[in-house]
Amino acid sequence: MTTSIPDTLIHHHLDTQGLICPEPVMMLHRVIRKADGGEVIEILATDPATTRDIPNFCRHLGHELIGQETLAENVSLDADPDEITIDSDDDTPASVTLYRYLVKKKRHDRFGIILITVCHC
């Protein structure tokens, strides 16, 4: 899924390239906890599962997914050969897709209560 990401002030950058589930979401959770309400976190990821996991993370915890886009496909992933096992003899570096997300942390009121808008349509 590719959506246009508006020009937005980014407060935190999270690079999870080369990591696989569950690390990207766990790292996002850690950054969200440290961020102030309304701050924006940029996440770069190569794990295709993040296209499902990050939107679900936002939906379940009340954060706003400002944008989600595919930046590039067939990007060379520089990996330490001692850290990975490949079943073939091919020395070609792994090729991945690069994803970018912008997540805005939900705001709290001055008493620490989460502000929720309820629609009575």
Side-chain angles (χ1 to χ4, degrees):
M1 174 182 174
T2 302
T3 59
S4 176
I5 294 182
D7 290 332
T8 303
L9 175 62
I10 297 171
H11 301 90
H12 304 273
H13 299 273
L14 179 59
D15 186 351
T16 68
Q17 294 177 72
L19 300 177
I20 59 171
C21 185
E23 280 96 359
V25 171
M26 289 172 59
M27 291 173 70
L28 174 58
H29 194 67
R30 192 174 311 125
V31 171
I32 286 274
R33 274 194 236 129
K34 294 178 183 178
D36 291 329
E39 288 188 338
V40 175
I41 299 98
E42 175 188 53
I43 305 102
L44 297 178
T46 51
D47 182 4
T50 60
T51 61
R52 174 197 65 231
D53 295 343
I54 290 178
N56 285 339
F57 171 86
C58 293
R59 188 171 27 263
H60 290 297
L61 296 179
H63 305 298
E64 181 182 353
L65 180 62
I66 296 173
Q68 173 178 350
E69 67 180 334
T70 300
L71 288 181
E73 295 182 11
N74 298 317
V75 175
S76 175
L77 178 62
D78 294 324
D80 182 350
D82 294 329
E83 305 261 337
I84 59 174
T85 303
I86 301 176
D87 291 336
S88 72
D89 292 328
D90 188 3
D91 290 331
T92 306
S95 178
V96 297
T97 300
L98 180 60
Y99 305 99
R100 179 179 182 233
Y101 307 89
L102 292 182
V103 174
K104 187 176 192 179
K105 182 176 179 175
K106 63 185 169 188
R107 292 189 179 269
H108 300 323
D109 71 8
R110 64 188 176 112
F111 300 108
I113 300 169
I114 299 169
L115 298 175
I116 299 174
T117 303
V118 179
C119 179
H120 297 285
C121 301

Heavy-atom closest pair, residues [X] and [Y]:
{"X": "Tyr99", "Y": "Thr46", "result": "CE1-O, 4.0 Å"}
{"X": "Lys104", "Y": "Gly38", "result": "CE-O, 3.5 Å"}
{"X": "Thr70", "Y": "Thr97", "result": "CG2-CG2, 3.4 Å"}
{"X": "Tyr101", "Y": "Thr51", "result": "OH-N, 3.1 Å"}

*Can you check whether Ala35's main-chain N or O pairs, donor with acceptor, with Lys105's side chain at less than 3.5 Å?*
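Yes: the side chain of Lys105 pairs with the backbone of Ala35.
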*Would you say the side chain of Ile54 lies within less than 4.5 Å of the side chain of Gln68, judging by non-hydrogen atoms?*
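Heavy-atom side-chain distance check fails, nothing below 4.5 Å.
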*Would you check if His11 and Asp36 make a side-chain contact, meaning some heavy-atom pair closer than 4.5 Å?*
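A side-chain contact under 4.5 Å is absent here.
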*Residue pairs, two or more places apart or on separate chains, that pass salt bridge (charged side-chain N to carboxylate O under 4.0 Å, His left out) and touch residues 18-35*: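 Residue pairs with at least one partner in residues 18-35: there are none.
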_Please list all pairs meeting salt bridge (charged side-chain N to carboxylate O under 4.0 Å, His left out) that have one or both residues in residues 40-54, counting only residues at least two apart or in different chains._
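Qualifying pairs, neighbours excluded: Glu42-Arg100.
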Rounded to the nearest 0.5 Å, what separates atom [atom1] in [X] from atom [atom2] in [Y]?
{"X": "Thr16", "Y": "Leu44", "atom1": "OG1", "atom2": "CG", "result": "7.5 Å"}
{"X": "Arg59", "Y": "Glu64", "atom1": "CZ", "atom2": "CD", "result": "13.5 Å"}
{"X": "Leu28", "Y": "Cys58", "atom1": "CG", "atom2": "SG", "result": "6.5 Å"}
{"X": "Leu102", "Y": "Ile66", "atom1": "CG", "atom2": "CD1", "result": "6.0 Å"}

*Would Val103 and Leu61 show up in the same hydrophobic cluster when neighbours are defined by side-chain heavy atoms closer than 4.5 Å?*
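Yes; Leu61 is reachable from Val103 via cluster members.
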*Do Met26 and Ile41 belong to the same hydrophobic cluster, where Ile, Leu, Val, Met, Phe, Trp and Tyr are linked whenever their side-chain heavy atoms lie under 4.5 Å apart, directly or via other members?*
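Hydrophobic grouping puts Met26 apart from Ile41.
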_Parallel, tilted or perpendicular: ring planes of Phe57 versus His63, cut at 30 and 60 degrees_ =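 Correct class here is parallel.
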*Would you say Ile10 has more than 12 foreign heavy atoms packed within less than 6.0 Å of its CD1?*
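Atom CD1 in Ile10 is packed in, count exceeds 12.
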*Step by step, work out the side chain to side chain contact (heavy atoms under 4.5 Å, CB included) result for Ile43 and Thr50.*
CA-CA 10 Å; Ile43 305 102; Thr50 60; over 6 Å; no
